[in-house]
Undergrad: 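This structure is in C-alpha cells; I'll ask about it shortly.
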2 protein chains.
Amino acid sequence: METTPRLAILKILELGKGKHVSAEAIYRRLLKKNIPLPMSTVYRVLGQFESAGIVQRHIFDAERSASVFELNNKVHHDHMICITCGSVSHFVDKKIEERQLTIAKNLGFELTDHSLNMYGVCCSCVAIDAARESVSE
Amino acid sequence: METTPRLAILKILELGKGKHVSAEAIYRRLLKKNIPLPMSTVYRVLGQFESAGIVQRHIFDAERSASVFELNNKVHHDHMICITCGSVSHFVDKKIEERQLTIAKNLGFELTDHSLNMYGVCCSCVAIDAARESVSE
DNA sequence: ATCATTGCAAAGCATTTGCATTAAA
DNA sequence: TTTAATGCAAATGCTTTGCAATGAT
C-alpha cells in the first residue's frame, strides 16, 4: 500500500495543529508541495482518519457548508468563530460542560456529545471595523 | 403572484411548531395534501422565509448534512437531539448564555450568535435499549 | 499472488439558478 | 402591463464510489 498521501495529509494537519483545514485547503497545500492528489484521495484519507479517530470533522458556517478537519486532540473543546475573518479559537469551559449535563438530565437525556459554536467578531476585526468607520465619516 | 405554495408551506411549519422539518419532509407532506410542489419551490419559499426572518435553518447531524427548518419563534434556544430517534428538544439556559458572554469577552470576541447542539439518547430510547439488552442476554 | 491503496471519472445528494410561463396588482 | 412567483430542467458545490491500475508484502 502506498503511504505517501496519508503521510502528506497527516503532516499538513499537524502543521495546522489547532486550526481547521478544509479538504480544498489540503488539496491546495499538497499542490504547492508538489504532491498533487485528487480530491477523492484527500476525502478518502480524511475519512479513514476520521473513522480511526485521528481526525475530527466540523461543519461551521451554516451557509457555505463545507467541512473542515482538525487533528483529534482527544480533549473535547468548543469553538469561537470570527464571522469576519474566519479565525477559530478553541476553548473548554468547565461551568458550561457541567451545566450541560444538568440540562440533559432534566430533559431526560443521556448526554453523549455536544457541539457549541459561538460566532462573533474577533478583536482584530473589531479594530478594523472601527478604523473603517472613522474613515468613512 | 401565486400564494398557494407559500401558504401551504407555512401551514406545515406551523403544524410542526417547535419541531424541525426537512425540505424533503415538507415536500412529502405537501404531496399527501395533494399540493405537489417541486423541490425548487420548497427551497425557494423556505429561503424567502429565512431571509424574511420567519424561518430558521439548522444543520444538525454533522454527517448526513441536510438542513432542517423551523418557524422562527424569535426567542433564541439551543437543541438537545436524540441520536437514536432524532427527536429534538429545545431549551434555553440563562447560566449558559451568560457564561458564553464571559468566555467570548475573555477571548476578545464580540459575541453575535451561537449554536449549542447537545447529542444524546432520550429517555424513551434509553428504555428501548435497556429492554433490548435484557432480551439478548 | 494477494490485498489494500490509489487515481480517474462518474455518480450522488442537497440545494440553487436560469428561463420561459403564469398569476396577480 | 408590469412585477413577482412558479415549474421545470439543468447546474452547482461538496463529497462519495466503482473500477481498473498500482504498490506493498
Side-chain angles (χ1 to χ4, degrees), chain A residues 1-13 20-70 81 86 88 115 117, chain B residues 1-13 16 19-70 81 86 88 115 117:
Chain A
M1 344 116 180
E2 249 246 80
T3 42
T4 323
R6 254 98 62 90
L7 288 181
I9 290 177
L10 193 58
K11 207 164 279 178
I12 287 180
L13 287 167
H20 303 79
V21 201
S22 67
E24 239 230 277
I26 292 176
Y27 174 85
R28 277 190 274 99
R29 286 177 205 180
L30 286 168
L31 264 190
K32 271 191 202 150
K33 284 188 161 197
N34 274 315
I35 312 175
L37 294 183
M39 275 303 236
S40 52
T41 298
V42 174
Y43 275 111
R44 206 144 25 185
V45 169
L46 287 171
Q48 289 167 181
F49 284 173
E50 195 187 7
S51 7
I54 298 169
V55 147
Q56 269 183 272
R57 177 188 301 229
H58 300 283
I59 304 185
F60 298 143
D61 187 357
E63 20 215 283
R64 193 184 290 282
S65 61
S67 305
V68 290
F69 303 83
E70 68 172 327
I81 301 127
V88 180
S115 85
N117 297 319
Chain B
M1 342 113 179
E2 249 247 79
T3 42
T4 324
R6 254 100 59 92
L7 288 180
I9 291 177
L10 193 59
K11 207 164 278 178
I12 287 180
L13 287 167
K19 304 254 174 183
H20 301 81
V21 201
S22 66
E24 238 230 277
I26 292 176
Y27 174 86
R28 278 189 273 100
R29 285 177 206 178
L30 286 168
L31 264 189
K32 272 190 201 151
K33 284 186 161 197
N34 274 315
I35 313 175
L37 294 183
M39 275 303 234
S40 51
T41 298
V42 174
Y43 274 111
R44 206 147 21 188
V45 169
L46 287 171
Q48 288 167 180
F49 283 175
E50 195 187 7
S51 7
I54 299 169
V55 148
Q56 270 183 272
R57 178 189 299 228
H58 301 285
I59 304 184
F60 299 144
D61 187 51
E63 17 217 287
R64 200 170 287 290
S65 58
S67 305
V68 290
F69 303 82
E70 67 172 326
I81 301 128
V88 181
S115 87
N117 296 320

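By convention in this document, chain letters (A, B, ...) are assigned in the order of the sequence lines, proteins followed by strands, and residues within each chain are numbered from 1. Computed from a predicted structure; not experimentally measured.
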Undergrad: Give every donor-acceptor pair under 3.5 Å between a side-chain atom in residues 21-28 of chain B and any protein atom, sequence neighbours left out.
TA:
residue: B:S22; atom: OG; partner: B:A25; partner atom: N; Å: 3.0
residue: B:E24; atom: OE2; partner: B:R28; partner atom: NE; Å: 3.4

Undergrad: In whole angstrom, what separates A:R28's CZ from D:dC14's P?
TA: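 Roughly 11 Å, once rounded to whole Å.
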Undergrad: Around A:K33, counting heavy atoms of other residues, nucleotides and ligands shown, do more than 12 lie under 6.0 Å from its NZ?
TA: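 Yes, the 6.0 Å shell around NZ holds more than 12 heavy atoms from other groups.
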Undergrad: A:T4 vs A:L37, test: side-chain contact (heavy atoms from CB on, under 4.5 Å). Steps then yes/no.
TA: CA-CA 10 Å; A:T4 323; A:L37 294 183; over 6 Å; no
Undergrad: Could you give the CD1-to-P distance, from B:I59 to C:dA14, as a whole number of Å?
TA: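 Taking atom P of C:dA14 as the reference, CD1 of B:I59 is at 13 Å.
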Undergrad: How long is the line joining CD1 of B:I9 and C1' of D:dG7, in whole Å?
TA: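 Going from B:I9 (CD1) to D:dG7 (C1'), I get 13 Å.
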Undergrad: Which residues, if any, of residues 44-53 of chain B bring a heavy atom under 4.0 Å of DNA chain D?
TA: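 Heavy-atom contacts with DNA chain D come from B:R44.
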Undergrad: Taking only residues two or more places apart in sequence, or in another chain, which ones meet B:L10 in a side chain to side chain contact (heavy atoms under 4.5 Å, CB included)?
TA: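 So B:L10 forms a side chain to side chain contact (heavy atoms under 4.5 Å, CB included) with B:E14, B:F49, B:I54, B:L71.
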Undergrad: Looking only at heavy atoms, which two atoms of B:V55 and B:F69 are closest? And how far apart?
TA: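 B:V55 and B:F69 have their closest heavy atoms at CG1-CD2, 3.9 Å.
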Undergrad: Rounding to a whole Å, what distance do you find between B:R6:CZ and C:dA23:P?
TA: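 My rounded result for the distance is 15 Å.
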Undergrad: My understanding is that only residues two or more places apart in sequence, or in another chain, count here; which of them pass side-chain hydrogen bond (donor to acceptor under 3.5 Å, both in side chains) with A:E50?
TA: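 A:R57.
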Undergrad: For B:V42 versus B:I9, what's the shortest heavy-atom pair and its separation?
TA: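 Minimum heavy-atom contact is CA-CD1, 3.9 Å.
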Undergrad: Which ones in residues 29-40 of chain A lie close to DNA chain C, meaning a heavy atom under 4.0 Å from one of its atoms?
TA: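 The answer is A:L37, A:P38, A:S40.
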Undergrad: Could I get the full list of side chain to side chain contact (heavy atoms under 4.5 Å, CB included) partners for A:A8, not counting sequence neighbours?
TA: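 Applying side chain to side chain contact (heavy atoms under 4.5 Å, CB included) to A:A8 gives A:L30, A:I35.
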